[in-house]
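Below is one structure, written out as structure tokens; comments come after it.
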Amino acid sequence: MISFVFYLGFLLIFVVFAVYAERKTAAFIQNRLGPMEVGPKGVLQTVADLLKMLQKEDIRAKAIDIVPFLLAPFIVFAAVFVGYSVLPINAELSGSSISSGVFFLLAIVSLDVLGILMAGWASNNKYSLYGAMRSVAQIVSYEVPLGLSVLCVIILTGTLSLQTMSVLQEGGILAWNILKYPILIVPFIIFFVAGLAESNRTPFDLPESESELIGGYHTEYSGFRWGMFMLSEYGMMLLLSILGAILFFGGWNSPFSNLLDGPIWGTFWLLFKALLLIFVQMWVRWTLPRLRVDQLMSLSWKYLTPLAILMLFACALWKLWIIS
């Protein structure tokens, strides 16, 4: 319960600063200044936008299917946020004690597809429906290589518990999975690329490609309900980044053996690693162009999924070699 409340509070604070950081990152990459007017260096611009969004009228189109239309944003957010319940914070706060924590996380997060499809269908708008169908196809497709890359780590560590995985990586940076098992470098790349697609981030933001579909599956949403979808997107970014830090980069362990350790430092290292991965996601967003639909699906089914299956067999052979 403590970890659940901690991540809820951190997510709300994180979104405010992440939006500002992304605007500044985009401005730097594109040789612009970004927000500069509201507050010192524009630091309060996101707060102003948040207050404006909360005051907007909750406009609904006349022919919408009202019940699924209203429920959809909350289903998407709930599906994403429940995944945080199994994430450890440090050596003392391990999250929900579910022995199959990784599988629970992947299973519950996949339910956001239901909310996205409800939003597109209930909006009674062809652009919303196109966006929803694209999103469902994309998320379902990239869950396959994402799950297979996670299985590679499970095979080598021999556990489904995220806290146990973190404990097994104690002893400094050389004990982290990605360095202890160099074969995991390829699964990490697959995990990262599939995570971008799961979060609908550029170059995989086809479900809400504004140049083609106006706003995608949330075209008809405004104000707070639109904000729930944006909160869910950033929540998925943070969730997958924390999961990646636990699976590959030592979790809450310090990179220095027996130095800067302890519960507070453990929390710092876990969030620091996750925020670094989020910065890379922002960097990718403002560097690469959007893929076409056929390119997106080909990348998943023709390249990432076969490669993930090969790496799964390779990790199994590596494990057998270690045991023998």
Inset, instruction - Answer yes or no: are there more than 12 heavy-atom neighbours, outside Trp269 itself, under 6.0 Å from its atom CH2? - result: yes
Inset, instruction - For the residue pair Ser254 and Asp261, confirm or rule out a side-chain donor-acceptor distance under 3.5 Å. - result: no
Inset, instruction - Would you kindly say whether Ser141 and Trp301 are connected by a side-chain donor-acceptor distance under 3.5 Å? - result: yes
Legend entry - salt bridge (Lys or Arg N to Asp or Glu O under 4.0 Å) against Arg32, all qualifying residues, sequence neighbours excluded: none
Inset, instruction - Look at the side-chain heavy atoms of Ile, Leu, Val, Met, Phe, Trp and Tyr, link any pair under 4.5 Å apart, and say whether Trp286 and Met237 land in one connected group. - result: no
Inset, instruction - Could you label the plane-to-plane angle of the His218 and Trp226 rings as parallel, tilted or perpendicular, counting under 30° as parallel and over 60° as perpendicular? - result: perpendicular
Using distance only, find each side-chain donor-acceptor pair of residues 110-118 under 3.5 Å and give its atom names and separation, not counting sequence neighbours.
residue : atom : partner : partner atom : Å
Ser110  : OG   : Ala107  : O            : 2.6

Inset, instruction - Would you confirm whether the ring centroid of Phe10 sits within less than 6.0 angstrom of the ring centroid of Tyr7? - result: no
Inset, instruction - Taking the six-membered ring for Trp and the full ring for Phe, Tyr or His, determine whether the centres of Tyr221 and Phe69 are under 6.0 Å apart. - result: yes
Inset, instruction - Would you list the pairs meeting side-chain hydrogen bond (donor to acceptor under 3.5 Å, both in side chains) in which at least one residue belongs to residues 243-253, sequence neighbours left out? - result: Gln163-Trp252
Legend entry - Residue of the set Phe188, Trp176, Tyr181, Phe192 for which ring pair (Phe, Tyr, Trp, His ring centres under 6.0 Å) holds with Phe248: Phe188
Legend entry - Asp58 side chain reached by Phe224 side chain, heavy atoms, under 4.5 Å: no
